[in-house]
Amino acid sequence: MTLSALRPSAPDDVPPPRPPSVERLLADPAAAGPIGTYGRQAVTQAVRAVLKEIRDGGAAMAGSENLLARVEARLADENRPSLRPVFNLTGTVLHTNLGRALLPPEAAQAVAAVMTGASNLEFDLATGERGERDDHVAALVCRLTGAEAALVVNNNAAAVLLVLNALAQRREVIVSRGELVEIGGSFRVPDVMARAGCRLREVGTTNRTHLRDFEEAIGPRTGLVMKVHPSNYAIHGFTAEADEAALGRLCTQRGVPFAIDLGSGNLIDVSAYGLPPEPTVRAALDHCDLVTFSGDKLLGAVQCGIVAGRRDLIARIRKNPLKRALRVDKMTYAALEATLRLYLHPETLHERLPTLRLLTRTAEAITAQAERLHPAVAERLGETVRVAVEPCTSQIGSGALPVETLPSACLALHPPKTLGKRGEGAWLKHLAAAFRALPVPVVGRIGDGALRLDLRTLEDESGFLAALDAWRGVSDPA
Ligand SMILES: *Cc1c(COP(=O)(O)O)cnc(C)c1O
């Protein structure tokens with residue numbers, strides 16, 4: 001936007017120039033560019049809107065050149081995609097609001113390869129007959145988890161809903177009282193059970209549930225025993241839960257299926273990479289019949305939910321009409337298959353799988369990066385923002401390992417010393433808003449008197465500095 005068009009009106013004794021007509025502006029040779037890019041109709045509408053703004057606002061008329069610049073700025077703004085890249089420097093690696101896992105380039109290439117042309121999504125190339133879309137990933141999931149069979153739906157919430165409905169509609173599902181949790185605001189285990197048409201049978205107490213509680217509850221009305229991994233909370237102190245292996249044996253004896261909702265679908269032992277231990281799908285399947293997990297949490301692929309386990313149960317679940325309603329697109333299979341293939345080469349996984357690569361960065365490496373970037377960032381932000389390199393803690397996010405944090409480093413952006421405590425809070429909010437308003441928005445976290453940009457998740461340093469080149473300062477909070 002040009003500033004001259006926004007200046008206050010000329011002094012009263014000089015009559016303001018009359019705005020040019022819409023036709024004259026459109027006929028201006030400089031209008032040819034925008035018309036070529038956006039089309040005559042859109043440019044005409046934008047010209048009308050800008051002229052109206054000027055009439056309504058009483059702003060001084062600018063030359064047609066300036067008017068067309070305003071028209072172009074307006075069109076560029078209107079045509080900016082709604083969904084676009086941002087820099088996630090919040091310190092939460094798997095940030096649900098910022099799109100969770102980053103896909104490896106192999107996945108992006110696989111998606112690109114199938115998205116603009118036909119593919120063998122449900123077509124068996126060997127026989128020429130109809131194929132099964134889950135076949136593109138089922139064998140890989142089985143190989144990586146030891147499951148007999150697997151299927152894919154829209155997300156893990158859908159996977160849980162489908163398993164419950166397919167195996168226990170109008171029957172009882174036995175769950176420990178300590179696991180009747182809410183995950184991410186809108187996924188509450190008791191609500192999902194009700195929607196799936198199951199009757200919830202709670203056993204035990206909030207802090208302690210024993211094997212005998214399950215023993216007493218299993219009966220002719222039982223459809224399923226379910227265990228929910230405590231993904232976003234932890235109960236400490238005087239606690240007990242039924243041993244998973246013993247519970248599995250009990251369910252087998254009684255002929256009742258046993259499912260575990262793992263949440264984060266860990267395919268490998270992350271403690272081997274120095275991360276806090278988290279159960280793997282393979283270990284869970286040693287004791288239960290079915291596991292449900294997310295594709296875009298620790299697994300590091302695309303949004304989807306995977307059900308893996310016993311062949312006969314997966315076959316029953318696949319026949320349920322909800323499977324059709326919850327099925328995923330070819331792009332999901334392409335991204336998931338390509339990501340799962342990286343797991344076949346565990347030695348390079350921590351370099352090639354972005355989620356693992358970011359989670360395994362050391363505080364030393366991140367601090368060194370922060371110190372390297374510090375001068376360039378401070379220079380771009382100017383004198384009002386005091387930039388410092390400070391330690392901070394990142395978290396995995398998406399409910400994985402909720403109580404564990406990872407040591408990291410941030411660029412801490414402090415307010416000018418002249419502001420009082422009150423003024424600081426408002427200033428920090430304005431600072432955060434200015435970062436979000438950049439051409440590529442930067443999202444940080446306000447805490448301990450500063451806006452903190454955790455660099456654990458910053459890989460594109462030149463892109464980040466380029467985004468800061470558009471820095472125009474913090475608007476005055478007053
Ligand atoms: C995250 C999570 C879910 C929901 O998974 P989405 O893929 O987000 O739908 C369900 N159960 C548990 C235990 C989870 O951690």
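Start at 1 and go down the list; that is how both ligands and their atoms are numbered.
Under the 4.0 angstrom criterion for non-hydrogen atoms, Q303 is not in contact with ligand 1. Ligand 1 lies within reach of R100, whose nearest heavy atom is under 4.0 Å from it. Under a 4.0 angstrom heavy-atom cut-off, V160 registers as lying outside contact with ligand 1.
Side chain to side chain, H95 and Q395 fail the donor-acceptor criterion of an N or O pair below 3.5 Å. For the residue pair S394 and D454, a side-chain donor N or O sits within less than 3.5 Å of a side-chain acceptor on the partner. For the 3.5 Å distance criterion, the side chains of N266 and T280 fail to qualify, holding no donor opposite an acceptor.
The shortest N or O to N or O distance between A157 and ligand 1 is under 3.5 Å. Taking only nitrogen or oxygen atoms, main chain and side chain alike, N156 reaches within less than 3.5 Å of ligand 1.
For the pair E347 and H350, the tightest heavy-atom approach, listed with the atom from each and the gap, is O-CE1, 3.3 Å.
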With side chain to side chain contact (heavy atoms under 4.5 Å, CB included) as the test, would you mind laying out the steps for C198 and E172 before giving the verdict?
CA-CA 6 Å; C198 307; E172 284 181 1; over 6 Å; no

Could you go through the side chain to side chain contact (heavy atoms under 4.5 Å, CB included) check for R249 and H287 one step at a time?
CA-CA 8 Å; R249 282 193 298 272; H287 305 138; over 6 Å; no

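Per-residue contacts place H229 under 4.0 angstrom from the following atoms of ligand 1 (heavy atoms of the residue considered): 13 (C). Heavy-atom proximity to S294, at under 4.0 Å, picks out these atoms of ligand 1: 5 (O), 6 (P), 7 (O).
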